[in-house]
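To keep things clear, I will list the structure first and then write my remarks on it.
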2 protein chains.
Amino acid sequence: MPKTLDDIDHRLLALLQQDSGRTLAALGDLVGLSPSAVQRRIDRYRETGLLRREIAVVDPSSALLAVCLVTLDRESPESHRSFREWVQAAPEVQQFYNVSGDHDYVVILATSGMAHHRETAERVIKNAPNLRRYSTMFVLDPIRTTLTVPTR
Amino acid sequence: MPKTLDDIDHRLLALLQQDSGRTLAALGDLVGLSPSAVQRRIDRYRETGLLRREIAVVDPSSALLAVCLVTLDRESPESHRSFREWVQAAPEVQQFYNVSGDHDYVVILATSGMAHHRETAERVIKNAPNLRRYSTMFVLDPIRTTLTVPTR
DNA sequence: GCGTGCGCGCAATAATCTTGCGTGCCCAAG
DNA sequence: CTTGGGCACGCAAGATTATTGCGCGCACGC
């Protein structure tokens, strides 16, 4: 782990989470460092695991998103384990959270349309082991879709 | 809009959504094209808006994630508009969806800890205009966090 | 059969990334 | 107060990667 992140680190990480397509020189201008200094900081983020990877973001409005709230039948560790494995195997599962509260899991499905959604919900959720019940909320408008996380 | 995406386009987009850090040559090897052909296809995705941007992904386990289900007080267009503006102004709002069903919105908050979460929930949700009620589910384990969307 | 358009590979050029090196700063030990 | 080590920086050379002009071949429609 790096000791602590300074102000430049936070600014850099915010910029990278917003748009990592920038050149090292552009980033350097924005935070007041040389390209190589920026480079070395980014290397450090990667080494420490703070920065996982870079991804391209596809326009989400071309897809059908659905938020599913899932409750399991039993609370045994084994029941959770098999459920997780089952759901994780599906590529349509965009996000998958274990949560506190009335439900056990939140699953966000990304499909190409209602036909695909039905098929996927059937296969991934309805057929999941230890499922008690679930409800689905369809996304009418994906107002904001980021993975941005605060760094301080 | 491009006429239609062929099989190579789909493979390319899947690879880019998974990891856009690869070189054009590496992508070319994976899909069977020259670097410049890959380049031109990616340019097209960008021009047509299919590809929005590239982002760096920060390890989500270093943050506190919370899924909030929100119901508004009134259903008037004006009520929705002001609520959206209010919520969108907060940087802690990682994702923001208008959904069908019992609730109106799903908001995913990313904060640096419980203190930050409380402050944020107070400011962003509780003080939001036209709020009727909301519930919060804390993320115990972010099993999968992507923005991957199917392209076919 | 014959143009036309489109996407491809190749190759030269431009841009960006990468890395070794020397410098200055800060902190801790003497 | 001085000295030495560690660390991050900027600079610049070299390597890698991205960009773009060019000519070719294939498919489609006339």
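All chains are named by letter (A, B, ...) in the order of the sequence lines, taking the proteins before the strands, and each is independently numbered beginning at 1. Side chains included, hydrogens not; waters and symmetry mates left out as well; all remaining heavy atoms used.
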Atom pair distance, as rounded to whole Å: [atom1] in [X] and [atom2] in [N]:
{"X": "A/Q39", "N": "C/dC17", "atom1": "CD", "atom2": "P", "answer": "8 Å"}
{"X": "A/L27", "N": "C/dT18", "atom1": "CG", "atom2": "C1'", "answer": "16 Å"}
{"X": "A/D43", "N": "C/dG20", "atom1": "CG", "atom2": "P", "answer": "12 Å"}

When you get a sec, tell me which of [options] is the closest nucleotide to the side chain of [X]?
{"X": "B/R40", "options": "D/dA8, C/dG9, D/dT19", "value": "C/dG9"}
{"X": "B/S36", "options": "D/dA8, D/dA12, C/dC10", "value": "C/dC10"}
{"X": "B/T23", "options": "D/dC9, D/dA18, C/dC8", "value": "D/dA18"}

Parallel, tilted or perpendicular, as decided by the 30° and 60° cut-offs, for the rings of A/Y105 and A/H80: tilted

Side-chain donor-acceptor contact under 3.5 Å, B/S82 with B/N130: yes

Check: A/S79/A/D73 side-chain N/O donor and acceptor closer than 3.5 Å: no

Distance-only donor-acceptor test (3.5 Å): side chain B/R44, base C/dG7: no

Under 3.5 Å donor-acceptor, A/T146 side chain and B/Q94 backbone: yes

Residue pair A/D59 / B/R52: nearest heavy atoms and the distance that separates them: OD1-NH2, 3.0 Å

Difference in axis direction between the ends of the helix from C/dG1-D/dC30 to C/dG30-D/dC1, five pairs, 10°: 30°

